[in-house]
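Structure, as structure tokens:
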Amino acid sequence: MAYHCTKDLKMPVDFEKVNQKFGAIPDTELKKKMSEVGTLEVVPAGELIMDAGSYIKSMPLILSGKVKVFREDEDGNELFLYYLYAGEACAVSLICSFSQKKSQVRAQALEETEILLLPIDYMDKLMREFPAWYRFVVKTYGERMDEMLETIDNIAFRRMDDRLLDYLEKTADALNSNKIKGTHQEIAYELNTSREVISRLLKQLEKKGMVKLSRNQIELIQE
DNA sequence: ACATTAAGTGATT
DNA sequence: AATCACTTAATGT
């Protein structure tokens with residue numbers, strides 16, 4: 001069976017872990033089933049979990065770690081979408097796997113990340129046998145939909161300075177640190193704008209005392 | 001000290 | 001907000 005990942009470090013799934021991380025799923029029987037049917041994959045920090053254009057053969061559920069999800073357009077431009085945390089699932093991949101479509105997004109592990117992979121062949125069965133699964137899927141899909149809508153009006157209606165601040169806050173949150181390592185160029189790439197714009201906006205934020213700038217590092221100041 | 005890379009800036013569209 | 005054409009500052013060798 002082909003998996004969408006290059007690194008195949010599969011292990012039996014620890015039920016206790018699934019039970020603990022997915023408090024959002026009340027049905028213990030379902031979680032037992034998930035542990036039986038799924039495989040565990042450990043992705044090292046920085047690895048791509050899913051690349052645009054790859055087919056998805058299973059639905060990933062994050063057991064631990066953090067994942068950055070971003071879109072990539074035809075010209076190779078990146079656009080940051082959202083972060084995924086433990087206990088969450090990527091609704092995009094669910095839809096992709098259902099419709100047998102290639103992934104339209106890329107996902108990268110920010111730190112070592114454990115992923116529970118559920119083969120899509122089981123989706124039908126789980127849906128029918130476990131109402132809790134159905135509710136979980138609908139719920140995560142709804143959550144992602146909200147995220148997406150937020151991202152859309154970020155782009156369409158908000159100015160870049162809002163987007164930048166939003167990005168900085170989310171990134172700081174994902175890293176558990178107020179200090180964001182990286183260059184202005186990298187941020188510009190993620191937000192699909194130019195380095196000069198980011199530099200200027202960061203300068204403004206610094207003047208407002210919201211941020212402290214140094215080479216390769218941006219420190220967010222708490223309000 | 002020199003080269004390289006990141007960041008800052010003014011002008012133009 | 002994007003792009004260009006620079007300058008200045010920080011860092012590595």
Side-chain angles (χ1 to χ4, degrees), chain A residues 5-7 43-54 62 65-85 88 90-93 95-96 101-113 141-223:
Chain A
C5 257
T6 45
K7 281 256 155 82
V43 183
E47 286 278 310
L48 274 184
I49 293 166
M50 180 187 307
D51 204 350
S54 60
I62 317 289
K66 285 153 192 172
V67 175
K68 182 162 82 176
V69 179
F70 46 99
R71 178 100 231 271
E72 191 168 83
D73 73 8
E74 321 81 52
D75 309 321
N77 294 314
E78 282 188 7
L79 182 64
F80 166 76
L81 289 177
Y82 51 78
Y83 290 107
L84 280 177
Y85 298 92
E88 297 186 312
C90 180
V92 175
S93 50
I95 303 303
C96 286
K101 276 188 174 168
K102 287 177 184 174
S103 171
Q104 308 260 30
V105 300
R106 303 216 293 168
Q108 185 184 33
L110 285 181
E111 53 189 61
E112 184 171 279
T113 297
Y141 189 61
E143 283 166 4
R144 274 325 123 202
M145 177 67 101
D146 289 345
E147 278 272 5
M148 291 290 196
L149 285 177
E150 196 191 317
T151 307
I152 288 169
D153 54 48
N154 271 351
I155 296 161
F157 308 123
R158 281 219 228 160
R159 294 196 318 272
M160 189 51 89
D161 53 351
D162 282 334
R163 287 181 61 198
L164 175 60
L165 202 53
D166 190 59
Y167 173 83
L168 291 175
E169 281 164 358
K170 282 183 176 166
T171 302
D173 195 42
L175 299 174
N176 286 324
S177 163
N178 289 329
K179 290 174 183 173
I180 297 162
K181 241 222 80 169
T183 65
H184 297 181
Q185 183 61 71
E186 284 161 6
I187 297 170
Y189 200 49
E190 302 251 295
L191 296 179
N192 203 16
T193 181
S194 62
R195 199 263 317 159
E196 292 92 319
V197 170
I198 295 300
S199 290
R200 284 180 171 125
L201 291 173
L202 281 171
K203 234 357 10 172
Q204 285 174 226
L205 289 176
E206 191 179 40
K207 273 182 201 152
K208 289 189 207 161
M210 302 170 82
V211 93
K212 188 173 171 290
L213 266 36
S214 42
R215 183 179 243 239
N216 285 313
Q217 182 179 284
I218 297 159
E219 186 180 349
L220 266 179
I221 310 295
Q222 303 295 12
E223 40 273 29

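Residue numbering restarts at 1 for every chain, and letters A, B, ... go by the order of the sequence lines. Since the structure is predicted, the reported quantities are computational estimates derived from the model, not experimental observations. Reckoned from all heavy atoms, side chains included, excluding hydrogens, waters and symmetry mates.
- Shortest non-hydrogen contact noted between A:Leu165 and A:Met210 is CD2-CE, 3.7 Å.
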Problem - Residues A:Lys170, A:Glu150; criterion salt bridge (charged side-chain N to carboxylate O under 4.0 Å, His left out); working and verdict - result: CA-CA 13 Å; A:Lys170 282 183 176 166; A:Glu150 196 191 317; 3.1 Å; yes
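- A:Met160 has its CE atom 11 Å from the P atom of C:dT3, to the nearest Å.
- For the pair A:Thr113 (side chain) and A:Glu111 (backbone), a donor-acceptor distance under 3.5 Å is present.
- The two residues A:Gly46 and A:Gln108 have their closest heavy-atom pair at O-NE2, 3.1 Å.
- For the side-chain contact (heavy atoms from CB on, under 4.5 Å) with A:Arg163, the lone residue among A:Leu191, A:Thr193, A:Leu201 that qualifies is A:Leu191.
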Completion exercise
B/S/- along nucleotides 5-13 of chain B (protein heavy atoms under 4.0 Å) is BBBBBBB--
